[in-house]
Number of protein chains: 2
Amino acid sequence: MAAHEELLQNALRQRGLRVTPDRLHVYRLLESSPLPLSIPALVEEIHATGMNQTTVYRILELFTAMGVVHPVLIGHGSVGYELIPPFRHHHHHLVCIGCNEVIDLYNCQLEHRIDEIVEPYHYKIIYHDVEIHGLCPKCQAKEAQAQSNGD
Amino acid sequence: MAAHEELLQNALRQRGLRVTPDRLHVYRLLESSPLPLSIPALVEEIHATGMNQTTVYRILELFTAMGVVHPVLIGHGSVGYELIPPFRHHHHHLVCIGCNEVIDLYNCQLEHRIDEIVEPYHYKIIYHDVEIHGLCPKCQAKEAQAQSNGD
DNA sequence: GTTTATGCAAACAGTTTGCATGTAC
DNA sequence: GTACATGCAAACTGTTTGCATAAAC
């Protein structure tokens, strides 16, 4: 994990930017979270430490511009941020539309097919996001029960 | 296209909801747009017609709950809405991170692989979103030029 | 010491809510 | 005529901006 923190420090220094406690702190929060974090969630976690919320916005904007994080959809239309390669393994999300549970999927294996699909457009692919939405086993059971009661 | 409008009318009536000019109007805007529309964009387009922006929010919330639209990420972390099956063909997005151009991809062919990946979790898959990010030919050229000048 | 990052306060934009009015059924 | 949808205004939350202070290099 310290190895990743060095990655961030190098990325900052390469651009003539400074390594500050606040930037490291936001980075560690993102690193330790299994799920993408919304800005309000980050602000809340961080307010406890005395850090200003304006700073959270600025750091997140910076990290996005640097390619350290990127925004993804979590839940119903809200945006969260998560680390991207090389700061974190490539992965996708399996999201339950019933309870908003999120499972990370690490065995992507979609690159080849994606290359094929995109080939005619002559794009240089940087990354891809996949979100798979469905019902988890628990919510399937709930739904089945609701139907047998309701109808 | 009128066929789709009937789909919406049926979906509304099935739920005891009313078919109103405003709901049809928002639906037509979504149907005629090649790209997902953000709420501010919808509000702006609609303000010209004299419709209140509160109504736009309420209709979009309703359409989301009904499964007529769903939110997707467009550009840098902003959310747009687009119609989903059966109101529109299943498709994905190829997005240029340079100029924000969006291309719709209709030949998905990822279902089988996605089913494989998700199989261990016993989810019932409802739908999936794919966003592929890269540089379009023009922005690749720009980048190449910038590098030969800069370095 | 210089330049960049942060804190603070105010302004701003986007979104939500309650209630009165209008409209689809 | 009744129940639902809309308009309006106000409240509220999330986000951005400018400037003074503090910290990294």
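Chain letters run A, B, ... following the sequence lines, proteins first, then strands; residues in each count from 1.
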Any side-chain donor near an acceptor of the partner, A:Y127 and B:E131, under 3.5 Å = no
In B/S/- notation, 5' to 3', how is nucleotides 19-24 of chain D contacted by protein heavy atoms closer than 4.0 Å?
-> ----BB
Between B:E61 (CD) and D:dA5 (P), how many Å, whole number?
-> 12 Å
Listed nucleotide nearest any side-chain atom of A:D22, set C:dG7, D:dA5, C:dT15 | C:dG7
At under 4.0 Å, does any side-chain N or O of B:Y57 touch on OP1 or OP2 of C:dT15?
-> yes
Residues A:E61, A:R58: salt bridge by 4.0 Å N-O rule = no
Any salt bridge between A:E31 and A:R28, counting N to O under 4.0 Å?
-> no
Quick one: do A:R88 and A:D104 make a salt bridge, cutoff under 4.0 Å?
-> yes
Which nucleotide in the set C:dT6, D:dG7, D:dT16 lies at the smallest distance from any side-chain heavy atom of A:T54?
-> D:dT16
Counting heavy atoms from C-beta on, name the nucleotide in C:dT15, D:dT6, C:dT16 closest to the side chain of B:P40.
-> C:dT15
Can you find a side chain N or O atom of B:N52 that sits less than 4.0 Å from OP1 or OP2 on D:dT6?
-> no
On DNA chain D, check which nucleotide each of A:Q53 and B:M51 is closest to and give me the residue with the more 5' one.
-> B:M51
Does the side chain of B:Y123 come under 3.5 Å of the side chain of A:E101 through a donor N or O and an acceptor N or O?
-> yes
If you check every side-chain atom of B:T55, which of D:dT6, D:dC8, C:dT16 has the closest atom?
-> D:dT6
Spatial distance of atom CZ (B:R23) from atom CG (B:L60) [nearest 0.5 Å] = 12.0 Å
